[in-house]
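Have a look at the structure below before the remarks.
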Amino acid sequence: MIITILILLYSYLASKLFFVGIFVIFVLLKFNKKKILPLLVILLLVSHPCFHHYPDVNEAYIIDIKPGYAIGICQFQKVIIYHDTDLNYDSVISFSNDYDLIPSNSHFFSFDSGSNYHRQNIHYQINAKNIVVKKQYFSLRSLLYKYSNSYIKKFVFNINDDNNILNGFVNSGFSFIGFIYLVRMILKPYIKDEIYLKIELFIIIFFALFYHFNYVTFRLLFSRLIKLRVKDEKVSLSFLIIASLILYPGVNYSLKFLIPVGLGLIRIFKYDKSYNYLYLLFLQGALFNSINILMLFCYRYFVYILGLCFVLSFFSLFFNLDGIYIFLNEIFVMINSFKLYGNPIGLLSILITIILYHRPKLLIGIYLILLLSKSLHPFASVNYINVNQGDAILIKDIFNQHVYLIDTGKKSSYIYLKNYLHALQIDKIDILFITHYDEDHCGNIDDLKKDFTIDRIIDYHFNTLIDHYSFYDLNNIISLDKNQSSLVILTNINDQDHLLMGDADVYVEKQIISEYDDLDIDYLKLGHHGSITSSSIEFLNVTKPKLSIISSGINSYNHPSPIIIKRLNNNKLAYLNTKEDGDIMIINNLFFDIILTSNKKIGIIPKR
């Protein structure tokens with residue numbers, strides 16, 4: 001079992017060479033030679049070196065359908081197919097356009113779909129045009145999907161586009177798991193165990209064929225079959241973990257793996273049952289940036305409700321069950337009302353967990369108090385949120401007493417901004433600064449107004465603004481050019497100067513240099529996403545930042561410019577770029593700033 005846990009740990013580190021090196025050294029020191037070889041063989045299988053090639057045909061077999069896209073098999077590899085037509089399972093389609101590599105997009109508090117696809121050995125995507133269905137194969141799922149309604153699509157085919165806890169369970173196939181629970185509850189008290197096990201096995205095999213052996217049906221089928229041969233639960237769980245990692249790469253990041261395996265490990269090692277709730281608390285918070293208190297303690301009953309929805313979905317093809325679904329939806333709304341925002345992964349929670357790991361009930365109580373008091377992330381910080389090609393800079397005081405946001409990013413990236421604010425338990429913004437009205441800086445104003453309280457919006461030039469922190473606008477140029485009229489905000493936080501250039505260009509930089517000849521900046525947010533139109537040599541020489549930040553993403557403007565990157569390197573100026581480094585968090589304390597990035601970089605900058 002210990003070796004299996006090592007394999008499981010390795011599966012989370014396999015993409016990070018540094019951590020793999022540490023892991024292998026640990027294995028070499030811990031185990032004797034007889035155990036090393038089989039362990040390393042299994043690790044090699046689990047790590048799945050992903051070989052892929054550019055697809056040179058525009059034809060694919062559809063194996064899965066999601067909101068707005070489908071997953072197809074093209075030349076023996078999976079591809080993501082974005083489309084605006086009605087596709088069906090088990091069809092062969094042709095299309096036009098070129099494939100693109102799926103980019104990774106690192107975040108502290110948002111799901112990185114790109115990395116998730118890579119873990120599943122899916123590397124290419126295509127915005128398909130001129131789609132033609134060349135052949136439709138008959139299957140039960142294609143037939144059901146053809147005549148399906150919204151209930152079937154949601155609870156049977158797991159097609160949901162909302163990113164929340166409830167739909168996270170639906171998307172992970174817990175509706176079918178709930179169906180198995182219902183069958184067990186109804187039949188098992190009235191028939192012999194051996195007869196019931198045969199009935200359950202038949203149901204699982206049927207749906208395994210229906211779903212083309214997706215992971216949920218595989219796990220249930222594998223667990224039932226292995227128990228027929230292996231009575232030791234440790235051994236059977238070990239086989240399940242290893243088989244899952246080898247046959248379904250990337251599944252270890254999903255609820256459908258994490259919940260049964262995590263709870264299974266807690267049961268096997270005979271930990272107090274309170275660890276179940278502690279584990280589910282961390283799992284909910286880490287994946288959804290919120291914890292649903294009711295679901296935390298009534299998880300099994302919620303799964304039964306999903307199982308009932310699964311059953312009713314089939315009957316909804318023949319009867320009008322809208323009334324029942326409205327009632328069940330009210331139950332879901334009630335369950336959802338017990339949600340508390342906050343991501344429990346942070347410096348404070350790590351410290352508390354290390355100290356009190358052997359007191360699970362006390363830990364749960366402390367975390368619930370921290371959730372209710374909105375104190376999970378007490379430290380003051382400056383945060384450069386990865387909103388792709390755009391700006392969104394969050395400044396928060398200790399315990400969120402004062403919160404400021406500079407720009408909002410573009411509308412397509414609102415989910416990253418929203419998740420970040422919810423994860424840090426922010427529901428109120430004291431001042432929202434809009435540097436200028438380009439869409440990649442102001443696109444989410446309306447959505448922010450709906451979801452958060454905003455006391456004040458500053459979208460005009462000012463000299464000095466004193467709230468909890470002092471803010472200065474260094475740009476006094478009024479121009480028809482929106483970039484040239486951008487607010488340039490200087491503020492001091494933790495005795496460190498932060499200069500945020502918006503999209504200001506070299507003309508603005510010259511004006512600032514001429515007016516403020518003694519600028520000595522600690523943190524500089526480069527103007528216009530690292531464009532060649534900003535960040536002149538003269539300006540960099542005057543400001544001399546300890547750290548420069550570039551807020552950019554995938555774009556057609558060549559941002560950041562290679563010339564600017566070379567300029568920073570030639571002047572030995574350290575920099576971080578949200579495009580490569582993801583979210584950038586600068587945590588303030590009495591003696592120094594801690595720099596963290598979602599792409600696993602860490603640094604320390606001492607106070608002056």
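For the numbers below, each heavy atom of this structure counts, side chains included, while hydrogens, waters and symmetry mates do not.
- D322 and Y151 share a side-chain donor-acceptor pair at under 3.5 Å.
- Interatomic distance, K198 NZ to K192 NZ, rounded to the nearest 0.5 Å: 10.5 Å.
- Two residues are said to be in side-chain contact when any heavy atoms from C-beta on lie closer than 4.5 Å; F179 and I203 meet this criterion.
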side-chain hydrogen bond (donor to acceptor under 3.5 Å, both in side chains) between N214 and T217: does it pass, once the steps are laid out? CA-CA 6 Å; N214 67 4; T217 56; 2.8 Å; yes

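- Using a 4.5 Å heavy-atom cutoff, the side chains of I126 and Y82 are not in contact.
- For the pair C74/E59, no side-chain contact is recorded, criterion being any heavy-atom separation below 4.5 Å from C-beta on.
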Given the rule in the side chain to side chain contact (heavy atoms under 4.5 Å, CB included) test, do I65 and I159 qualify, once you have shown the distances and angles that lead to the verdict? CA-CA 7 Å; I65 295 175; I159 300 176; 4.2 Å; yes

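- The stretch residues 360-376 participates, sequence neighbours left out, in these salt bridge (charged side-chain N to carboxylate O under 4.0 Å, His left out) pairs: K374-D427.
- Annotation: the span from S223 atom OG to L228 atom CG amounts to 11.0 Å, rounded to 0.5 Å.
- For Y341 and N289, the side-chain atoms include no donor-acceptor pair closer than 3.5 Å.
- Using cut-offs of 30° and 60° on the angle between ring planes, the pair Y215 and F218 is tilted.
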Could you go through the side-chain hydrogen bond (donor to acceptor under 3.5 Å, both in side chains) check for Y437 and D459 one step at a time? CA-CA 8 Å; Y437 277 91; D459 57 0; 2.6 Å; yes

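- Not one N or O on the side chain of N555 forms a donor-acceptor pair closer than 3.5 Å with the backbone of Q389.
- Relative ring orientation between Y367 and F282 is described as perpendicular, the plane-to-plane angle rising above 60° on a 0-90° scale split at 30° and 60°.
- Distance check, rounded to the nearest 0.5 Å: CG of N252 to CZ of R119 gives 7.5 Å.
- Nearest heavy-atom pair, L258 versus Y279, reported as atom, atom and distance to 0.1 Å: O-OH, 2.5 Å.
- Although no hydrogens or angles enter the test, the distance criterion places no donor-acceptor pair under 3.5 Å between the side chain of D407 and the main chain of D391.
- E233 has no carboxylate O lying under 4.0 Å from a charged side-chain N of K227, or vice versa, which leaves the two without a salt bridge.
- Within the 4.5 Å cutoff, no side-chain heavy atoms of L281 are placed close to those of L283.
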Output, in order, the C-alpha distance, side-chain angles, deciding distance and verdict of ring pair (Phe, Tyr, Trp, His ring centres under 6.0 Å) for Y253 and F257. CA-CA 7 Å; Y253 290 83; F257 175 89; 9.4 Å; no

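- Nearest heavy atom pair, residue L220 against residue I204, reads CB-CD1, 3.9 Å.
- Open room surrounds OH on Y271; 12 or fewer heavy atoms of other groups in view lie less than 6.0 Å from it.
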Would V235 and S238 satisfy side chain to side chain contact (heavy atoms under 4.5 Å, CB included), going step by step from the backbone distance to the final call? CA-CA 5 Å; V235 176; S238 295; 5.5 Å; no

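- Side-chain contact check for L255 versus F174: some heavy-atom pair is nearer than 4.5 Å.
- Between the Q425 side chain and the S375 main chain, a donor and an acceptor come within less than 3.5 Å of each other.
- Remark: of the listed residues N400, N343, L370, N343 is the sole one forming a side chain to side chain contact (heavy atoms under 4.5 Å, CB included) with H377.
- A distance of 7.0 Å separates CD1 in I195 from CD1 in I199, rounded to the nearest 0.5 Å.
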Could you go through the salt bridge (Lys or Arg N to Asp or Glu O under 4.0 Å) check for K428 and D455 one step at a time? CA-CA 8 Å; K428 176 177 170 290; D455 281 353; 2.9 Å; yes

Walk me through it: do N121 and H123 pass the test side-chain hydrogen bond (donor to acceptor under 3.5 Å, both in side chains)? CA-CA 6 Å; N121 207 12; H123 296 274; 3.0 Å; yes

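- Here the straight-line distance linking atom OH of Y420 with atom NE2 of H107 works out to 11.0 Å at 0.5 Å rounding.
- For K66, the NZ atom is densely surrounded, since the number of other residues' heavy atoms within 6.0 Å is greater than 12.
- One N or O on the side chain of Q75 and one on the backbone of D56 form a donor-acceptor pair closer than 3.5 Å.
- Y416 and N444 share no donor-acceptor pair across their side chains, judged by distance under 3.5 Å alone.
- Atom CD1 of I246 is separated from atom OG of S244 by 9.5 Å, given to the nearest 0.5 angstrom.
- A distance-only check finds no donor-acceptor pair linking the side chain of D272 to the backbone of Y275 [under 3.5 Å].
- The shortest distance between side-chain heavy atoms of V403 and L405 does not fall below 4.5 Å.
- Of the possible polar contacts, one joining the S254 side chain to the K256 backbone as a donor-acceptor pair under 3.5 Å is found.
- The shortest side-chain heavy-atom distance between F108 and L424 does not fall under the 4.5 Å cut-off.
- F176 pairs with exactly one of Y181, F207, F155, F206 by the ring-ring contact (aromatic ring centres under 6.0 Å, His included) rule, that one being F207.
- Taking 4.0 Å as the cut-off between side-chain N and carboxylate O, K449 and D447 do not count as a salt-bridged pair.
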Donor-acceptor pairs under 3.5 angstrom involving side-chain atoms of residues 84-94: please list them, not counting sequence neighbours.
unit_1 : atom_1 : unit_2 : atom_2 : d
N88    : ND2    : S142   : O      : 3.0
Y89    : OH     : D64    : OD1    : 3.4
D90    : OD1    : Y61    : OH     : 2.8
D90    : OD1    : R141   : NH2    : 3.0
D90    : OD2    : S139   : OG     : 2.4
D90    : OD2    : R141   : NE     : 3.2
S91    : OG     : N88    : O      : 2.8

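- Between E200 and R224, at least one side-chain N (NZ, or NE/NH1/NH2) sits under 4.0 Å from a carboxylate O, which counts as a salt bridge.
- The closest side-chain heavy-atom distance from R219 to L240 is below 4.5 Å.
- For the pair D440 (side chain) and G409 (backbone), a donor-acceptor distance under 3.5 Å is absent.
- Taking the ring centre of Y145 as origin, the terminal cationic atom of K153 falls inside the region bounded by 6.0 Å and 45° from the ring axis.
- Between the side chain of S349 and the main chain of G346, a donor-acceptor pair closer than 3.5 Å is present.
- A side chain to side chain donor-acceptor pair (under 3.5 Å) with N105 holds for exactly one of N388, T578, D112; it is N388.
- A donor-acceptor contact shorter than 3.5 Å is absent between the side chain of S236 and the backbone of V230.
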Stepwise, does the side-chain hydrogen bond (donor to acceptor under 3.5 Å, both in side chains) test hold for D98 with Y124? CA-CA 10 Å; D98 296 324; Y124 292 96; over 6 Å; no

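- In this structure, a donor-acceptor pair under 3.5 Å is present between the side chains of Y196 and R184.
- When atom types are taken as modelled, the side chain of E439 and the backbone of K411 share a donor-acceptor pair closer than 3.5 angstrom.
- Here the two rings, on F314 and F310, have centers that are under 6.0 Å apart.
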